[in-house]
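Please read the structure below before turning to the comments.
Quantities reported herein were computed from a predicted structural model and do not represent experimental measurements. Any value given below was found using the heavy atoms of this structure, including those in side chains, with hydrogens, waters and symmetry copies removed. Chain naming here is simple, since letters A, B, ... match the order of the sequence lines and numbering starts at 1 in each.
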Protein chains: 2
Amino acid sequence: MNDSGAEISERAQQMLRALIERFVVDGQPVGSRTLARDAGLKLSPATIRNVMSDLEELGFVASPHTSAGRVPTVQGYRFFVDTLLSVKPLDQRAIEKIRAEFDVEQAPKDLVESASGMLSAITQLAGIVTLPRRDHPLFKRVEFLPLSENRVLAVLVSGKDEVQNRILKTERTCSAAELQQASNYLNKLFSGKDLDEVRTTLLREMQQTRSDMNEMMMTAIRMADKVLEKNADEDFVMAGQTNLMGFHELCDVEKLRMLFDAFNEKRDILHLLDQCVHGEGIQIFIGEESGYKMLDECSMVTAPYTVDGRVLGVLGVIGPTRMAYERVIPIVDATARLLGAALNTKE
Amino acid sequence: MNDSGAEISERAQQMLRALIERFVVDGQPVGSRTLARDAGLKLSPATIRNVMSDLEELGFVASPHTSAGRVPTVQGYRFFVDTLLSVKPLDQRAIEKIRAEFDVEQAPKDLVESASGMLSAITQLAGIVTLPRRDHPLFKRVEFLPLSENRVLAVLVSGKDEVQNRILKTERTCSAAELQQASNYLNKLFSGKDLDEVRTTLLREMQQTRSDMNEMMMTAIRMADKVLEKNADEDFVMAGQTNLMGFHELCDVEKLRMLFDAFNEKRDILHLLDQCVHGEGIQIFIGEESGYKMLDECSMVTAPYTVDGRVLGVLGVIGPTRMAYERVIPIVDATARLLGAALNTKE
DNA sequence: TCTGGCACTCTGACTGATAGACTGCCAACC
DNA sequence: GGTTGGCAGTCTATCAGTCAGAGTGCCAGA
């Protein structure tokens with residue numbers, strides 16, 4: 001694949017842009033006459049045809065059949081978003097509107113849901129947001145509360161005041177004082193330590209000393225496991241999937257089914273999103289670039305969202321390849337920033 | 001609508017059954033010759049035609065056009081499920097298989113998800129299960145734990161040891177003793193009382209005495225609200241929605257979109273499920289009977305699930321009107337029982 | 001009451017024929 | 001040399017027409 005950016009004339013680029021912009025709005029192959037009208041250049045259709053022929057040679061456009069107009073290829077879109085696109089940042093009013101939707105009182109999970117809902121509402125595509133992940137959560141404190149004869153409620157506070165509950169059945173009735181003692185012990189020893197470390201330490205200790213506290217410690221370990229595991233197995237939230245049904249390139253029921261199955265299955269999509277975490281800023285997969293069959297006719301525009309410069313997750317939009325990238329990109333970008341900011345107040 | 005059960009001959013009933021059974025498998029209008037072969041009666045197509053004509057008169061079948069076979073109407077299906085259907089209970093092996101899927105260790109929410117997944121997997125339709133609701137949850141106890149200078153973790157235990165957490169920011173730093181005192185007070189006063197009652201009592205008291213404890217009490221109220229609200233605004237879990245894309249009567253993208261939008265919107269579906277709670281046992285909505293346009297070509301088979309004879313929720317299956325009712329009904333029935341049983345061990 | 005037969009109807013698939021929308025190429029023009 | 005108008009060629013979409021297949025309704029006879 002030769003990077004033929006230099007070979008392509010200014011005029012040809014302008015035409016490619018016009019062609020894509022036109023194709024994005026109505027999804028029909030674009031002919032030379034239409035383009036002559038649209039492109040803004042004062043050229044006859046015949047000239048346009050010559051240029052289009054060059055663009056086809058370069059692989060930026062293709063024609064479905066002899067007497068249809070031209071359609072942008074994946075390579076065409078790629079060139080478009082990489083070098084032709086001028087994204088104008090969202091105007092302040094639009095940004096404020098999004099910010100207003102983020103209620104800082106909301107829990108992280110709700111913020112994430114707001115974000116995906118907003119992405120889909122504004123772009124009229126499908127919005128997708130991964131849940132924020134915290135790496136290396138810290139052990140803060142644990143508390144054991146007696147509930148009934150032999151049932152104890154364990155409360156584990158970790159990281160940024162993330163709380164986990166678990167009810168455990170004990171073999172004998174523990175007094176409140178006993179439980180207090182157990183939690184005091186654990187808190188004094190581990191408060192502020194890395195949760196993962198706490199977990200292994202406890203495990204080791206349990207093997208050595210067969211103490212009365214084993215039950216409590218075991219529970220603490222299990223809860224720590226749960227926090228850590230929740231971390232590992234990431235998840236995402238989607239909204240507006242049905243918006244995709246409006247695009248006739250996706251109207252085939254088989255394709256739709258594959259797509260929606262992938263949304264439900266989550267695994268493949270997560271894997272794809274994972275690749276976006278590492279990239280800096282906006283990341284775009286066009287058509288087959290994703291490598292997943294069900295996304296062949298789709299594009300994905302993503303941006304990581306950060307708090308304190310640490311990437312907590314990714315959000316973005318899934319739509320047909322012919323989406324209005326110049327409109328979608330600033331929206332995704334702004335939403336990522338604002339979600340990061342909203343999560344920041346949670347500190 | 002005349003209940004013409006008496007007017008319809010034994011033979012006609014048998015034919016209606018054969019017609020529906022045939023139509024269910026391939027979705028094509030059924031002609032007289034096919035039926036003559038299928039029905040098991042030794043009759044010529046001509047005779048069948050006469051009977052079909054009667055059935056059409058009665059509104060049980062209809063023909064899409066002159067020279068197509070007959071198709072069952074909603075009324076036809078209704079008669080079929082009400083009087084023609086002989087549901088054979090699920091065999092023990094199948095039941096065991098379902099039971100095995102329910103891990104009694106799972107939380108209620110996970111059990112519900114297993115159930116919907118199983119319903120969709122076994123029937124190859126969409127499975128739906130409402131979350132179990134507890135009515136009139138009791139206040140059990142509340143606990144306040146200091147986290148940092150002016151942050152307190154509140155833990156509310158209600159009903160069957162349902163736990164709610166909330167972090168509150170206090171204006172001044174509260175000592176552990178102070179917090180202990182507050183929770184002791186509330187627990188002594190309200191333990192075992194109806195949560196709703198606790199809530200109103202607290203509200204009243206707060207208006208009368210402007211005490212230092214207001215902040216704690218306010219939090220307790222808010223958490224109670226959350227428990228109660230979670231109760232009111234029920235929710236459901238679905239699985240296998242994409243299975244519905246396989247049926248050509250639903251292949252129209254517009255219809256699919258309406259349907260999936262309704263699944264996401266939840267409100268209408270919830271309203272429908274609500275009607276199933278009151279009915280005893282299996283409840284079936286066929287086609288337009290539901291009263292919702294997006295379900296015009298769908299049927300819904302539901303059963304309430306109970307613990308200790310109290311209805312906690314509803315589960316069921318959504319599929320095209322031409323579903324194999326005699327197969328689906330026992331599955332829904334058994335799953336409801338088993339889910340109830342699995343939840344029972346949670347007591 | 002059941003059945004075979006016949007006329008009739010409607011669908012779906014196939015076939016041309018035609019209009020419309022393009023392209024590609026060529027010769028002329030600036 | 002770049003640009004243009006014109007023209008031939010090509011592909012699609014659409015519409016009417018035909019035909020086989022499937023099914024019904026009705027009638028007369030068993």
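At whole-Å resolution of the value, CD1 in I48(A) and P in dG6(D) are 17 Å apart. The distance from atom CG of L43(A) to atom P of dG5(D) is 11 Å, rounded to the nearest whole Å. The CE atom of M52(A) sits 17 Å away from the C1' atom of dT3(D) (whole-angstrom rounding). Between the P atom of dT23(C) and the CE atom of M15(A) lies a distance of 12 Å, rounded to the nearest Å. Note: CG (D26(A)) to P (dA21(C)) measures 14 Å, nearest angstrom. Put simply, CZ on F23(B) is 14 Å from P on dG23(D), counting in whole angstrom units. Rounded to an integer number of Å, the gap from CG of N50(A) to C1' of dT4(D) is 10 Å. With rounding to whole Å, L35(A) atom CG is found 14 Å from dT4(D) atom P.
A donor-acceptor distance shorter than 3.5 angstrom exists from the side chain of E289(B) to the backbone of I286(B), with no hydrogens or angles considered. Without hydrogens or angle criteria, T321(A) side chain to E297(A) main chain gives a donor-acceptor distance under 3.5 Å.
Partner of L125(B) under the side-chain contact (heavy atoms from CB on, under 4.5 Å) criterion, out of I318(B), V328(B), V301(B): V328(B) alone.
Positionally, the nearest nucleotide of DNA chain C for P64(B) lies more toward the 5' end than for the other of G31(A) and P64(B).
Within the 4.0 Å cut-off from OP1 or OP2 of dC2(C), not a single side-chain nitrogen or oxygen of S44(B) is found. Contact annotation: R33(B) does not reach the phosphate of dT24(D) (side-chain N/O to OP1 or OP2, under 4.0 Å). Not one side-chain nitrogen or oxygen of R11(A) sits closer than 4.0 Å to the OP1 or OP2 atom of dG2(D). Remark: T66(A) is in phosphate contact with dC11(D), judged by side-chain N or O atoms under 4.0 Å from OP1 or OP2. Taking side-chain N and O atoms only, S32(A) has a distance below 4.0 Å to OP1 or OP2 of dT23(C).
The distance from the CD atom of E326(B) to the CG atom of L84(B) is 11.0 Å, given to the nearest 0.5 Å.
For H65(B), counting side-chain heavy atoms from C-beta on, the closest listed nucleotide (dT11(C), dT3(C), dG5(D)) is dT11(C). Of the candidate nucleotides dG25(D), dG24(C), dC22(C), dG25(D) has the atom lying nearest to any side-chain atom of E56(B). Considering only side-chain atoms of A46(A), the nucleotide from dT3(C), dG6(D), dT3(D) that sits closest is dG6(D).
Among the atoms of the strands shown, only primed sugar atoms or phosphate atoms (P, OP1, OP2) are found under 4.0 Å from some heavy atom of A68(A).
The existence of a salt bridge linking K255(A) and E249(A) is excluded, since no basic side-chain nitrogen approaches an acidic carboxylate oxygen closer than 4.0 Å.
The base of dG6(D) lies close enough to the side chain of R49(A) for a donor and an acceptor atom to sit less than 3.5 Å apart.
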